[in-house]
Amino acid sequence: MKNSKPKTREMEEKWTKVWEEKKIYQPDLKNAKNPFFNLMMFPYPSAEGLHVGNVYAFTGADVYGRFMRMNGNDVFEPIGLDGFGIHSENYALKIGKNPADQAKISEKNFYRQLKMIGNSFDWAHTVETYDPEYYKWTQWIFLKLFKAGLAEKRKAPVNWCPSCKTVLADEQVIQKSKIKNKIPASPAGRSNLGDEENEERMGVCERCETPVEIKDLEQWFFKITAFADRLLEDLKKIDWSEKVITAQRNWIGRKTGTMLSFESELGSPIEVFTTRPDTFHGVTFIVISPYHPVLSSVKNLENDVLEYIEKAKSSAEKAKDKTLKDEKTGVFSGYFATHPLSGNKIPVWIADYVLMDYGTGAVMGVPAHDSRDFDFAKKYDLPIVSVIGGGKEGEAYEGSGEIINSSEWNGWESPQDIPKIIDWLEKKGIGSKKVSYHLRDWLISRQRYWGAPIPMIFCDKCARLPSSRGEASGGQGWQAVPEEDLPVILPYIKNFKPLGIHSRHSAELSRSPSSGQAGEAPLSQDKQFIEAKCPNCGGVGRRETDVCDTFLDSSWYFLRYPVSDFKYIPFPSKNWENPKSQIPKPKTDREIGNWKLEIGNSAQRAAWLPVHMYIGGAEHSVLHLLYSRFIAKALFDLGFLAFDEPFSKFRAHGLLIKDGGKMSKSRGNVVNPDQYIERFGTDALRTYLMFLGPFDQGGDFRDAGIEGMERFLRRVDRLINYQTGLGSDKKKQIPSLDQAMNKTIREVTDDLQGLRYNTAIAHIMEYVNELIREKSALDEEYLKNLIFLLAPFAPFYSEEWFQSLSEDKSTFNSVHLHKWPEYDPENIIEDIVIMAIQVNGKTRDILEFTTAESKSEALVKERALASEKVKRHMGSEPKKVIYVEGKIINFVV
RNA sequence: GGGCAAGUGGCGGAAUGGUAUACGCGGUAGUCUCAAAAACUACUGCUCGCUUGAGCGUGUGGGUUCGACUCCCUCCUUGCCCACCA
């Protein structure tokens with residue numbers, strides 16, 4: 001047999017070219033009748049090229065898109081690159097190239113690979129987040145949010161990565177377990193106690209795994225918390241994978257609790273938030289965070305207290321200090337608070353297990369009913385008062401029970417009576433109901449180079465003007481760049497390395513609204529960039545040098561796809577070294593307004609949004625998907641979008657692993673799709689990826705498996721070639737194949753709707769086996785429908801086969817624009833029914849009946865009881881007979 | 001510690017109250033061939049048995065049911081996400 005591999009690639013290239021010429025994957029965005037926006041998460045272009053995990057995700061999304069297209073939809077399936085951001089920048093740093101130069105190389109390589117994977121991408125509508133024509137709108141969104149009061153710069157304790165030299169959003173800090181002195185687990189697994197004791201957790205940077213530090217820095221925030229309730233509530237109106245909905249709900253973390261106030265010697269009352277007001281009488285101490293604001297106003301703290309606060313504020317130090325581990329540490333402040341109910345003096349402690357950015361930064365210590373407070377009380381010998389009955393000695397009891405030791409509340413039940421207790425507290429004016437969230441504001445500024453510059457100008461003169469919004473500092477110092485000046489071009493600079501933290505006092509460029517520490521972005525070295533006229537007073541201003549978080553880039557890219565043909569700088573002519581000379585400024589406000597007009601108000605364009613189907617990884621459950629929802633809601637409120645949920649339907653795919661383990665560079669088991677495409681062909685790779693497991697659960701990539709798939713496609717190829725060689729006069733219909741065909745169409749159609757690709761392929765294989773079993777010439781319909789069912793998975797082969805069966809070779813009609821096959825329900829009904837004969841629920845025989853026979857219980861019973869195999873197990877007459885038509889008959893003896 | 005998945009042959013996995021192991025991989029034997037590859041055919045959960053056949057079998061232990069991989073409860077294990085969230 002001839003070597004068919006190069007031929008496969010040849011065929012793939014041939015059809016790629018034809019499809020491109022005939023524009024079969026380019027819907028008419030203005031006049032489409034049934035718009036269907038089939039979106040997949042665009043990749044960040046890493047230098048290594050496309051990962052087979054990307055191919056897995058994209059193929060799964062494309063199969064759905066192709067299925068929808070064949071079902072009469074005008075499917076729009078765009079792709080682009082999420083090229084801005086730390087990931088690309090770090091790689092550029094590593095190899096000593098400017099990220100802008102590297103971006104051009106990666107872009108070329110990625111688009112080359114993305115063109116090979118057989119997806120029905122519309123190549124006329126790509127976006128790249130680092131394209132000035134793209135980030136112009138990223139900046140525009142920033143401005144719109146700023147003007148709406150949804151963006152502000154403020155000082156806050158933030159996560160600082162000393163290696164990447166930038167701040168990180170909370171979501172970008174991952175908790176890493178570090179096992180030290182690891183004791184190998186015994187086969188029985190009894191030594192897990194030992195492992196736990198040696199475990200240490202710390203927050204590390206998601207990119208470089210360096211332990212993060214907490215710093216007080218000036219940063220830009222988006223007020224996503226203002227949308228917390230809507231982000232939670234609107235989860236009800238979208239059709240998303242349940243686990244992603246759950247993840248978002250947990251991340252928003254809405255909790256109803258009680259706010260309680262304790263008078264204290266520290267100068268001001270201490271407010272605490274609790275979900276357990278029923279344990280109020282059990283409070284024996286108060287703990288506040290080292291960051292608690294009350295501490296800055298207290299003058300005479302002892303030295304050891306000040307020392308503790310200092311130490312606790314450096315979490316990097318904690319990570320280094322092995323003795324600290326998970327054990328709670330704290331220090332007595334030297335001051336007391338008063339319990340509002342008993343009037344008792346209770347000590348105020350300072351401890352780093354209390355988080356400043358959740359609740360109020362202070363908690364009431366109830367050691368009897370909270371394990372953390374219990375640990376703390378044990379260590380520092382604080383009193384423990386039990387107020388809920390039912391607990392055990394020696395541990396905190398967090399369960400339900402009768403309330404005790406609580407004067408008027410004695411005899412009430414926890415947790416049922418908590419609402420009653422809240423009422424009681426509210427009436428007495430001691431506490432109030434309060435909703436608290438886990439979600440925090442989105443930190444969007446980064447002290448890095450490779451991102452969209454934040455389009456703001458600081459003006460010293462205007463800073464002295466009173467602010468209408470009443471900000472604490474800065475007055476009207478921050479002025480928005482006028483929209484007609486967008487984009488604020490990211491200049492090409494030689495030294496783009498992160499600079500880290502500097503002290504404003506020593507820097508010559510010091511014009512910051514406040515003194516003290518600040519992260520310094522690489523752009524601060526470019527004096528030309530910084531110089532700017534104040535948009536408000538026309539005086540000397542200074543540009544913001546921080547850039548946007550890359551999650552802002554990706555929070556709106558799907559809005560850009562349908563209008564990316566509005567670019568006025570064609571992609572190949574991009575000139576990074578001197579971009580300003582290439583980009584004409586928009587002439588009027590109307591030109592900028594186009595975007596708004598086209599996305600928000602044009603009926604034609606609006607039809608493409610919100611996105612009909614979005615497929616991507618579950619790892620973006622909280623980051624990207626939550627931010628995108630927030631941006632959509634903000635733009636909706638501002639009147640720019642006609643919808644406030646960006647993705648009507650979202651499905652998460654599973655994780656692709658290799659030989660039982662996660663693919664990673666360190667394991668050296670990352671699969672490069674290029675080699676597999678070269679060796680087996682795109683169709684074999686695609687079909688295998690879709691076959692190796694349930695798409696929503698992922699699966700295990702094995703080389704042996706893809707060989708089997710290549711074999712399958714060759715079997716089909718031989719079948720079709722053999723049949724076309726037979727001539728048309730001998731073709732015939734076979735009743736059993738009619739049935740198989742109709743049944744297969746039904747099963748595959750159902751499976752594709754539910755993204756059950758692995759079983760869809762299994763059904764196609766069964767059908768193929770039946771066709772091959774039949775040696776005679778087959779009716780063309782059997783083959784054509786087989787090709788249609790395979791088309792979403794194996795687009796190249798399918799086109800080849802379909803064209804070879806086509807009578808009219810003069811005009812090209814792509815199989816991918818052909819109507820999806822329909823099945824005849826009448827032709828699915830089997831004329832032979834196989835029934836299991838059971839005795840006491842155990843199958844003892846299997847009998848065949850005609851469909852008519854199987855409907856008669858008496859007849860089935862008679863034949864079943866006549867069976868020798870059944871008789872052997874039936875001591876006596878059956879006490880009971882269960883008959884399920886067409887399935888089983890069960891005799892109970 | 002919390003949340004969410006999941007645990008089925010030698011392997012990837014089917015089956016969501018009614019024939020457990022579809023489909024594929026791997027394996028064994030055979031056909032073809034000088035030979036190999038490819039292709040094709042048959043067999044392939046375990047144990048006992050010459051066979052007819054019998055028993056066992058979906059992580060563990062219980063429950064519901066005529067009947068449970070499937071539903072309920074207990075425990076164990078693995079993966080993913082989150083985590084000193086008061």
Side-chain angles (χ1 to χ4, degrees), chain A residues 1 4 171 174-175 189 201 203 242-247 249-251 253 255 257-258 272-276 279 287 289 326-328 351-355 357-366 369-373 375-376 398 436-440 618-619 621-622 654-655 657 659-660 662 688 691-694 696-709 711-712 714-715 718 756 758-766 768-769 772 834-847 868-869 872-873 878-884 886-893:
Chain A
M1 189 185 160
S4 69
E171 293 88 330
I174 51 170
Q175 295 299 316
R201 295 191 309 268
E242 199 48 49
K243 61 177 172 179
V244 177
I245 297 271
T246 308
R249 194 176 290 130
N250 290 343
W251 190 260
K255 272 182 194 158
T258 313
V272 302
F273 173 79
T274 181
T275 54
R276 295 292 306 272
T279 64
V287 197
S289 160
D326 283 347
E327 199 169 300
K328 294 193 175 27
D352 66 354
Y353 81 89
V354 175
L355 305 175
D357 41 16
Y358 183 77
T360 62
V363 301
M364 58 184 211
V366 188
H369 305 292
D370 182 286
S371 60
R372 293 154 306 183
D373 296 345
D375 294 345
F376 195 69
E398 292 175 344
S436 171
Y437 300 90
H438 173 235
L439 182 69
R440 273 162 268 168
E619 69 272 19
S621 292
V622 287
L655 187 72
I657 58 172
D659 297 325
K662 203 172 171 173
Y688 172 61
F691 181 63
L692 52 66
D696 62 348
Q697 280 170 45
D700 197 353
F701 186 96
R702 280 161 205 251
D703 290 8
I706 190 169
E707 284 164 24
M709 192 53 74
R711 213 144 53 206
F712 168 72
R714 283 212 307 265
R715 257 156 69 85
R718 273 199 308 276
R756 291 182 299 272
N758 57 332
T759 50
I761 293 166
H763 288 132
I764 296 171
M765 285 173 162
E766 282 180 89
V768 168
N769 289 342
I772 288 176
I834 297 162
M835 286 187 67
I837 316 302
Q838 302 180 334
V839 178
N840 287 335
K842 272 193 195 293
T843 302
R844 294 302 174 182
D845 202 359
I846 288 160
L847 297 176
E868 283 303 320
K869 292 175 191 171
R872 202 177 296 140
H873 295 274
K879 284 187 213 122
K880 198 174 167 186
V881 180
I882 286 115
Y883 172 75
V884 182
K887 293 209 165 148
I888 56 117
I889 184 160
N890 186 12
F891 300 106
V892 185
V893 289

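Below, all heavy atoms of this structure are taken into account, side chains as well, without hydrogens, waters or symmetry copies. The chains referred to below are lettered A, B, ... by the order of the sequence lines, with proteins before strands, and numbering in each begins at 1.
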Inset, instruction - Look at the side chain of A/Val363 and decide which nucleotide, out of B/C23, B/A86, B/C25, has an atom nearest to it. - result: B/A86

Legend entry - Partner nucleotide of B/C50 by Watson-Crick or wobble geometry (both distances under 3.5 Å): none

Inset, instruction - Look at the side chain of A/Lys328 and the base of B/C84, then say whether one donor and one acceptor between them are separated by less than 3.5 Å. - result: yes

Legend entry - Minimum-distance nucleotide (side-chain atoms of A/Tyr358 versus B/C82, B/G55, B/A86): B/A86

Legend entry - Span that lies between the C1' atom of B/C71 and that of B/G45, in whole angstrom: 26 Å

Inset, instruction - First locate atom CG of A/Leu355, then atom OG1 of A/Thr360, and finally report the distance between them rounded to the nearest 0.5 Å. - result: 11.0 Å

Legend entry - Any strand: nucleotide that pairs with B/U64 via Watson-Crick or wobble, under 3.5 Å: none

Inset, instruction - Please determine, for B/A39, whether a Watson-Crick or G-U wobble partner exists with both distances under 3.5 Å, and give it or none. - result: B/U31

Inset, instruction - Look at the side-chain N and O atoms of A/Arg711 and state whether any lies under 4.0 Å from the OP1 or OP2 oxygen of B/G26. - result: yes

Inset, instruction - Measure from the side chain of A/Thr246, starting at C-beta and using heavy atoms only, and say which of B/U19, B/C4, B/C82 lies closest. - result: B/C4

Inset, instruction - Can you tell me the pairing partner of B/U77 across any strand shown, Watson-Crick or G-U wobble, with both distances under 3.5 angstrom? - result: B/A6

Inset, instruction - Could you work out which one of B/C40, B/C66, B/A54 sits closest to the side chain of A/Asn890? - result: B/C66

Inset, instruction - For the side chain of A/Val884, starting at C-beta, report the closest nucleotide among B/C84, B/G55, B/G18. - result: B/G18

Legend entry - B/U64 versus B/C69 - spacing of their P atoms, nearest Å: 16 Å

Inset, instruction - Go through B/U19, B/C40, B/C11 for me and flag the one nearest to the A/Arg718 side chain. - result: B/C40

Legend entry - Sugar-phosphate only, base, or nothing, as touched by A/Ile837 at under 4.0 Å among non-hydrogen atoms: nothing

Inset, instruction - Provide the distance between the two C1' atoms, one in B/U33 and one in B/U44, to the nearest whole Å. - result: 26 Å

Inset, instruction - Could you tell me whether the side chains of A/Tyr688 and A/Asp703 share a donor-acceptor contact shorter than 3.5 Å? - result: no

Legend entry - Same-atom distance (C1') from B/A38 to B/C48, integer angstrom: 40 Å

Inset, instruction - For the side chain of A/Lys255, starting at C-beta, report the closest nucleotide among B/A14, B/A86, B/C66. - result: B/A86

Legend entry - Base orientation of B/G9, syn vs anti, 90° cut from 0: syn

Legend entry - Atom-to-atom span, CG of A/Leu847 to P of B/U19 - whole angstrom: 15 Å

Legend entry - Selection from B/A86, B/A83, B/C11 that lies nearest to any side-chain heavy atom of A/Arg702: B/C11

Legend entry - Euclidean distance, atom NZ of residue A/Lys243 to atom P of B/G3 [Å, nearest integer]: 17 Å

Inset, instruction - Measure from the side chain of A/Lys869, starting at C-beta and using heavy atoms only, and say which of B/G18, B/G53, B/A22 lies closest. - result: B/G53

Inset, instruction - Ignoring the backbone of A/Ile888, work out which of B/G18, B/C66, B/G3 is nearest its side chain. - result: B/G18

Inset, instruction - Name the nucleic acid region contacted by A/Val366, choosing base, sugar-phosphate or nothing; use a 4.0 angstrom heavy-atom cut-off, strictly under. - result: nothing

Inset, instruction - Quick one: look up who B/G26 pairs with, Watson-Crick or G-U, both distances under 3.5 Å, and put none if it's unpaired. - result: B/U44

